[in-house]
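This one's a predicted model, so the numbers in the text were calculated from it and none came from an experiment. Residue numbering restarts at 1 for every chain, and letters A, B, ... go by the order of the sequence lines.
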Amino acid sequence: MSAVSVQAIVGAAPSPIEAPDVDYATISPLLIILGAAVLGVLVEAFVPRAYRFVTQIAVAVVGVVAAFVATVVVGAGLDTVDGEVTGRGGPTAMGSLSVDGPAVVTWAMLLFFGLLGVLLFAERRLDGGLSAFTSQASTPPGSADERHATRLRIEHSEVFPLAMFALGGMMFFASANDLLGMFVALEVLSLPLYLMCGLARRRRLLSQEAAMKYFLLGAFSSAFFLYGIAMVYGYAGSFGLAEISTAVSSQIGGQNLLLAGMALILVGLLFKVAAVPFHAWTPDVYQGAPTPVTAFMAAGTKAAAFVAMLRIFFVAFGGARWDWAPAVWAIAIITMLFGAIASIAQTDVKRMLAYSSIAHAGFLLVGMAGLTSGDGVTSVSAVLFYLVAYGAAAIGAFAVVTLVRDAGGETTHLGRWAGLGKESPVLAVAFTIFLLSFAGIPLTGGFISKWSVFAAAWDGGAWPLVVVGVVASALALFFYIRVVVLLFFAPPQGDGPTVAVPSPLTWSVVAITVAVTIVLGVLPGPLLDLVQQAGAFVR
Amino acid sequence: MTAVTVVFAAMGLVALVSAFLVVTSDQIIHAALWLVVTLGAVAGLYVLLAAELVAWVQVLIYMGSVVVLLLFALMLTRTPTGPGSATVTRNQPLATVVAGATTVALGAVMWAGFGGEVIDEDEVRVGTAARLGDAIFRTWVLPFEVLSVVLLAALVGAIVLTRRGER
């Protein structure tokens, strides 16, 4: 040790400990969700097995509802901030979180998705009184041990705390105000999802393969994200989005470092939102994961990652817009076209929905390329609206997938869905509504959301993107209509599909998502007002 | 060139050489033990950089627990530990390229970000426990607390994936 440091130690006077300045009321939704997760872990340890599953459902539902109420209270109390653009709220918890308008809207959205997800997780009437999750993940698929565990009706009720952890991570991700917090949040939301992907009761090898792929590629993309953060730190000398923004607009340091950092961060985030060419994991994971998990993941991850992406690129890298916008344009175009064209070739319902999810990532990127501020529909409000409409329809569509079954579990081959309209008209109509919303047909939420991202892009001068977007929508429409024709008019194969009778849990999910999809299409006003009032990001 | 610089260079050299031996050693136990030397030398570098708490944490956690954990894992899993136990795969050249590229890129980041920085030795702020605690439990308190959630989720996950029995 050098002489200097020894002297410094001796000379240092003890200073009183100052408590960090955290406004617990403002971050209460996040704390409630993480608290519910920890409570779930305790339930796992102390509640007898017979009551455990039900207790977990209760803890999760109460936690999500309480957090939703807290979010509404927090949202109502946000102060308006006047600057170049109007915003509401601001940084809290020592600057780690920015609880602003978009953050609160995203929290509410994620909690809504979380509630629907928990209801789907809780469904036990479809598979002989057992949940969609494997009895014991440690038993080899098809082994005597596995049958023994199933006979004992052992269940993995740990999925509820894991889902709460993921939900907490998503909420943190959407509101983190520095890159370090974002990385931590990314890990919190990803790790439980990797795990839950591998826990399917049926087709376990496929499920485990999906979990492995998701984990490896996810770890890889996290590394990209982290590396990008390191580069940006090297450029700006800070993790804070506000400090980076200042550094970007005053153009200190080497621009190459900034460009490389932005590119790597973009790669990490585009992986999470499943944009081409970082989409390869999506079909496999969506197909292999237990369908309730797929539903939760498709809606939640996309929402959290898109809001985080908008926050990073609008707040921190807003001054370098002309450096990143071309990349976003290019990726939006190939993602929309690839997603639309590839979904045409699919024969599996879950893979088809996965490719549709990829195409929707493209449409959302169109919104990102749009107007950042102004009187019209801004990028942030368009993307928020889109995420609500897409998430609701996606959860609904996957909920329908859980109900169409044969002896081996869910029957996801598209050919087997022929004649669903005769077997269960209600379910077929519900699925049709979701497909029409994905396609962007008027009177569904999908139409208004496509219109709003296209309007934002048009006002922002990104009209070529709008043209490609309309072409891709038309291509996708062709495919969705084909599926609708298959559901109602094609002759059924063999005995046709059977529709399991679910408990009120899944029914209510389908009913709620159908209602949201139609209400957003017919009466989009209230939500549009809400997302526009949410205003811009506040750093 | 001050004495500090000389010691710093020597420590760095020790770290580099022992790290090289970690990846080239023929026996897996030897590799693990060389890792102790590497981590110890890095701890020495931390001391020279006036990050004393980080140095002690490095000694306690990395040299102490992590390497012991590695050795335990080797002992408990019946992995061969004799000569030739650390045979490399055919991917070694590829790994070399990736590691080399990462080193160059990270070095470039450090150079570009902090290349011109000159640290005034009289102004050095020693990384005492008080300072570090101040940073972790004030500025970064929320990410720190949320990080513990990752660990908890990972623990739950590990139990989910491995637990047998009928509890």
Check: Quick one: does Trp34(B)'s side chain have a donor or acceptor within less than 3.5 Å of a partner on Ser18(B)'s backbone?
Finding: no
Margin query: I'd like to know whether Thr128(B) forms a side-chain hydrogen bond (donor to acceptor under 3.5 Å, both in side chains) with Glu52(B), so could you lay out the CA-CA distance, the side-chain angles of the two residues, the decisive distance to 0.1 Å, and finally the verdict.
Written below: CA-CA 6 Å; Thr128(B) 55; Glu52(B) 53 164 40; 5.4 Å; no
Notebook entry, point to check: In terms of heavy-atom proximity below 4.5 Å to chain B, should Leu189(A) be classed as side chain, backbone, both, or neither?
Noted result: neither
Item checked: Selection from Gly198(A), Pro20(A), Gly261(A), Ser138(A) maximising heavy-atom pairs under 4.5 Å formed with chain B -> Ser138(A)
Checklist line | Exam field: side chain Ser96(A) to backbone Thr92(A), donor-acceptor pair closer than 3.5 Å | finding: no
Check: With a 4.5 angstrom heavy-atom cut-off, which part of Asn256(A) approaches chain B: side chain, backbone, both or neither?
Finding: neither
Check: Which bit of Val41(A) comes within less than 4.5 Å of chain B, counting heavy atoms only: side chain, backbone, both or neither?
Finding: side chain
Check: Tell me, do Met170(A) and Leu193(A) make a side-chain contact under 4.5 Å, heavy atoms counted?
Finding: yes
Next item on the list: Please assess Phe239(A) against Ile244(A) for the test side-chain contact (heavy atoms from CB on, under 4.5 Å), listing each intermediate value before the final yes or no.
Entry: CA-CA 7 Å; Phe239(A) 290 119; Ile244(A) 295 170; 5.8 Å; no
Next item on the list: Give, as side chain, backbone, both or neither, the part of Ala55(B) having an atom under 4.5 angstrom from any heavy atom of chain A.
Entry: neither
Item checked: Asp178(A) (side chain) donor-acceptor with Gly181(A) (main chain) under 3.5 angstrom -> yes
Next item on the list: Report the option among Leu151(B), Leu161(B), Leu152(B) that has the most heavy-atom pairs separated by less than 4.5 Å from atoms of chain A.
Entry: Leu161(B)
Item checked: Side chain / backbone / both / neither for Phe183(A) at chain B, heavy atoms under 4.5 Å -> neither
Notebook entry, point to check: Would you call Glu158(A) and Arg163(B) a salt bridge, taking side-chain N to carboxylate O under 4.0 Å as the test?
Noted result: yes
Notebook entry, point to check: With only heavy atoms counted, which part of Val22(A) is less than 4.5 Å from chain B, the side chain, the backbone, both or neither?
Noted result: side chain
Next item on the list: Give, as side chain, backbone, both or neither, the part of Val141(B) having an atom under 4.5 angstrom from any heavy atom of chain A.
Entry: side chain
Check: Side chain, backbone, both or neither: which part of Thr139(A) has a non-hydrogen atom closer than 4.5 Å to chain B?
Finding: both
Item checked: Heavy-atom contact with chain B under 4.5 Å, split by part of Tyr194(A) -> neither
Item checked: Pair Glu187(A), Ser222(A): side-chain N/O donor-acceptor within cut-off below 3.5 Å -> yes
Notebook entry, point to check: Is chain A contacted by the side chain of Val146(B), its backbone, both, or neither, given a heavy-atom distance below 4.5 Å?
Noted result: both
Item checked: Interface moiety of Leu106(B) toward chain A, non-hydrogen atoms closer than 4.5 Å -> both
Notebook entry, point to check: Between Glu146(A) and Arg204(A), is the closest basic N to carboxylate O distance under 4.0 Å?
Noted result: yes
